[in-house]
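Written out below as structure tokens is the structure these notes cover.
Heavy-atom basis, side chains included; hydrogens, waters and symmetry copies ignored.
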There are 2 protein chains.
Amino acid sequence: MKILAVESSAVSVSVCLTDGERLLAQDFQNCGLTHSRTLLPMIEHVLSGCGLTPHEVDGFAVAGGPGSFTGIRIGVATVKGLALAADKPCAAVSTLEAMAWGLLGLTGEVSCVMDARAGQVYHAQFALTAEGPRRLCEDRAVKLEVLAQEIGQKPQILVGDGANLCYTKLKECCPRLCLAPPQLVYPTAWGVACAARAVLTSGQGVPASALREQYLRAPQAERERAQKLAQITKN
Amino acid sequence: MKILAVESSAVSVSVCLTDGERLLAQDFQNCGLTHSRTLLPMIEHVLSGCGLTPHEVDGFAVAGGPGSFTGIRIGVATVKGLALAADKPCAAVSTLEAMAWGLLGLTGEVSCVMDARAGQVYHAQFALTAEGPRRLCEDRAVKLEVLAQEIGQKPQILVGDGANLCYTKLKECCPRLCLAPPQLVYPTAWGVACAARAVLTSGQGVPASALREQYLRAPQAERERAQKLAQITKN
């Protein structure tokens, strides 16, 4: 089954094409350009590099959140459009679970982290097994102090674009923390494809119209609007 | 220092751009198209994706062999052309050493292997350390039976596009063999950039005119020509 996967939930962006467990092509960029400019040319490049059209892909996968609201919306909207035009199933997976899949082949416990600002990180923990990551806690936004207490003296691999931040802030109170290998520390579309494979191959993908982002917090604009509305009602 | 690196020594092909230890962009393809068709568009895509021209790159790196004669020549000739036009230093690194760099962050001993046909593999062995791979033997072409005896009961990671072949043939006599994680088993331009970094940053890169392939065996056409010439001389 050919899966086209997109990861655009943070500062890096990547697109890949897999066939079963085989990576046919992957395009990764982490040079600060906006995803709205880079994502579609990257998808076109990956497909044309493999001599395929969107209609020859069997399913689409995207990192659905948590992460940058703008990044996630660009990824989900793009995949929605492709899946609608090609009339193929799609799946949104947890950005954090996709990061853990990126470490397939390693062993130990991993904390997948993204900078959520305001002293918080988006976080989920997994045990790495030969079959894939086994989830140990739900995706959540958590304060760094709370995470430090939870990890404590346990050995723990950090992955994700919040990994360096966490490592710097927590290494003194969590002496057995280590960073994922540098070539694996950023999320990739390959992890997204791995995380979506079981859903798509078992026919549990959704049509384009049902594809949704998976936000852990309401976007800032919506939070501010709710505050304003509450203020108006109060007055 | 910005390095553009190319890996085209076997069936997969990749191009990356690094700045110090940071991966800015990488494009990887493993879908069977010929490198002569894919490589230049991939280089253009990586550079334009980062908003750079070849003149803004500080050095060029390429997997110089061992590997497919055609693949290596396409990579070396392309990098030679780019470095000449941009008047920048370049470096050819061992394809096998680049594979070991691709496993940075892992620990243990690794055998880097490429299918060399006729029951042989191109092989080199490294110890993986936090600073990078430490070489344990020179690049060489070796028979599978000899490699099996050498590895014996030792734990050994296999990486490279000969890894699956070796694993299948040797797993019975070498019970502690294991395959590198699937996302790291194929060589990448990132490994090439890592292997070339020390040479290029210390000013030991060579001008385009001095860039050479690193063959372990003469190409088949040259071997056949030598045989014919010997035959003619004999008659």
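- Among residues 153-181 of chain B, the residues having any heavy atom closer than 4.5 Å to a heavy atom of chain A are, in sequence order, P181(B).
- By the 6.0 Å contact criterion, CD on E56(A) is enclosed, its count of non-hydrogen atoms from other residues, nucleotides or ligands being greater than 12.
- No other option in D19(A), L184(A), T38(A) has as many heavy-atom pairs under 4.5 Å with chain B as L184(A).
- More than 12 heavy atoms of other shown residues, nucleotides or ligands fall within 6.0 angstrom of atom CZ in R135(B).
- In terms of heavy-atom pairs under 4.5 Å with chain B, the best-connected choice from V13(A), L103(A), L23(A), V15(A) is L23(A).
- Between the CG atom of L17(B) and the CD atom of Q29(A) there is a distance of 10.0 Å, given to the nearest 0.5 Å.
- The line from CZ of R22(A) to OH of Y186(B) is 5.5 Å long, rounded to the nearest 0.5 Å.
- Of the listed residues P41(A), C16(A), G102(A), the one with more heavy-atom pairs under 4.5 angstrom with chain B than any other is G102(A).
- The structure places CD of Q183(A) at 13.0 Å from OG1 of T18(B), a figure rounded to the nearest 0.5 Å.
- For the set T188(B), N30(B), V46(B), the count of heavy-atom pairs under 4.5 angstrom toward chain A peaks at N30(B).
- Residues Q26(B) and Q26(A) form no side-chain contact, since every pair of their non-hydrogen atoms from C-beta on lies 4.5 Å or further apart.
- Taking S48(A), G49(A), C50(A) one by one and counting their heavy-atom pairs under 4.5 Å with chain B, the maximum is reached by G49(A).
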